[in-house]
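For reference, the structure is listed below as structure tokens.
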Amino acid sequence: MTMSMPTRRTIITGTGHYVPPRIVTNQDLEKLMDTSDEWIRERSGIRERHHVDGGVGTSDLAIEASRRAMAAAGVEPSSIDFVIAATLSPDHYFPGIGVLVQAKLGLGTTGALDVRNQCSGFLYALSAADQYIRAGTYKRILLVAAEVQSTNLDFSDKGRDMSVLFGDGAGAVILEPGTEDDGRGILSTHLYADGNFISDLWMEKPCPADNPTFQKAFFDEGRFFPRMEGRRVFVNACQRMPEAIRAGLEQNGLAIEDIDALIPHQANDRISLMVAKGLKIPVEKVIRNIDRFGNTTAASIPIALDEAVRSGRIKRGDLVALTAFGSGYTWASAFIRW
Ligand code: UT7
């Protein structure tokens, strides 16, 4: 008789998030630029977001979220054998924040990988972590996604389409091999990209093809600020996230009705509602917290996941679907049996 090997999947054993304490309301932004609380709420669903105070970097937020995820998992930093960090706003042009997280946690010479996939960064990183765990390469990975965006937004009228949307924050998860053949764990990840659309959402400068890279003229023209073709990004986000979810459902032989919780990247509440409508999933199953955080890019999904887990909205055995879309374009989905 042949014994079939049980499927050992990657499980998330702890989640955590952290946002800087300073809350910036829509009314606060009204004082800086020609905008209104009503416009921001109606067009995006955002009421407030968190901004760092001076001297606080992305890796500082990442550390706080990481400590909370490790505490939730009941593990010590010294037991982490690999770090993956996702951000579009690293503390420095180089190196990325992975090594800063690694050093601040006192992880000796533990390896640290940086992922640069913007709003899809968490899901790209999750997919990489899943491969490492299932291959047996690492046994306990800290995956953290963090952003400090508020310090490089244009708070003049010219930048109002972007600066009202984005916030600062961090989310983290601990990943380990499952010990029981109980069906729990990451079921699938699907990753997509189309680099023909980089200029729809990007920070064009600094660009090393310019010599010298940093030019005052670019600064004066506002080209060191991120810019977005909002309507085009909106339309693509509404199409691509449902596609990625359907790909995951198909691979896993599941139906929309099987999903207990859907966490779309929190880019705009109207997009989340359109994704729900496109998939014909009841809106009650969609996790939405953009009203309190704005768009925290790579951190948005792990922040929402942590809130949902801690509040009991996601429970053991639930089917959790994650999806993201953003700059690149990149987009992705992941399915997890919690
Ligand atoms: O995380 C990565 C993915 N990001 C996204 O998915 C974001 C996708 N895009 C969006 O969420 C939306 O396109 C926005 C929220 C950025 C904009 O909403 P919209 O309904 O597409 O508005 P719009 O860009 O078409 O602008 C409508 C009007 C314009 O005025 P005119 O030209 O009609 O006179 C804008 O100038 O709203 C104006 N506007 C604002 N008004 C007040 C743009 N930003 C603001 C603002 N306050 N902050």
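Atoms within each ligand, like the ligands themselves, are counted from 1 in listed order. Residue numbers count from 1 along this sequence. This one's a predicted model, so the numbers in the text were calculated from it and none came from an experiment.
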Who gets closest to [atom] by heavy atom: [options]?
atom	options	value
atom 9 (N) of ligand 1	G230, S163, G328, S44	G230
atom 25 (O) of ligand 1	R231, E38, R270	R231
atom 17 (C) of ligand 1	Y329, W39, F234	W39

Would you mind listing which atoms of ligand 1 come within a distance below 4.0 Å of any non-hydrogen atom of [X]?
X	result
A267	1 (O), 3 (C), 4 (N), 5 (C), 6 (O)
M228	4 (N), 7 (C), 16 (C)
V164	48 (N)
D161	44 (N)

Exercise. With sequence neighbours left out, what residues match Y138 under side chain to side chain contact (heavy atoms under 4.5 Å, CB included)?
Worked result: D81, F82, Y132, I141
Quick one: does [atom] have a protein heavy atom under 4.0 Å from it?
atom	answer
atom 6 (O) of ligand 1	yes
atom 47 (N) of ligand 1	yes
atom 42 (C) of ligand 1	yes
atom 33 (O) of ligand 1	no

Does [X] have a heavy atom less than 4.0 Å from any atom of ligand 1?
X	result
L29	no
M162	no
T297	no

Nearest protein heavy atom to [atom], by residue and atom, and its distance?
atom	value
atom 2 (C) of ligand 1	C119 SG, 3.1 Å
atom 1 (O) of ligand 1	N295 ND2, 2.6 Å
atom 11 (O) of ligand 1	N268 ND2, 2.6 Å
atom 3 (C) of ligand 1	V233 CG1, 3.7 Å
atom 19 (P) of ligand 1	R43 NH1, 3.6 Å

Where's the contact between [X] and ligand 1, heavy-atom distance under 4.0 Å: side chain, backbone, both or neither?
X	answer
Q118	neither
H265	side chain
I271	side chain

Under 3.5 Å, is there a donor on one side chain and an acceptor on the other for [X] and [Y]?
X	Y	result
N117	T330	no
T323	S333	no
T297	Q118	no
E147	T87	yes
D210	T213	no
T35	R160	no

Exercise. Do the ring planes of W331 and Y192 sit parallel (below 30°), tilted (30 to 60°) or perpendicular (above 60°)?
Worked result: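 Aromatic pair W331/Y192 classed parallel.
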Problem set entry | Close N or O approach (R160, ligand 1; < 3.5 Å) |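 Yes, R160 has an N/O under 3.5 Å of an N/O on ligand 1.
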Exercise. Pick from D168, N295, N26: which one makes a side chain to side chain donor-acceptor pair (under 3.5 Å) with R49?
Worked result: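 Running side chain to side chain donor-acceptor pair (under 3.5 Å) over D168, N295, N26 with R49 returns exactly one hit, N26.
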Problem set entry | Minimum heavy-atom distance G16-R68, with the two atoms named |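 What the structure gives for the nearest pair is CA-CB, 3.9 Å.
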Problem set entry | Atom of Q266, atom of I287 and distance for their closest heavy-atom approach |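 Closest heavy-atom pair between Q266 and I287: NE2-O, 3.0 Å.
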Is atom [atom1] of [X] surrounded by more than 12 heavy atoms (other residues, nucleotides or ligands) closer than 6.0 Å?
X	atom1	answer
M274	CE	no
F219	CZ	no
R270	CZ	yes

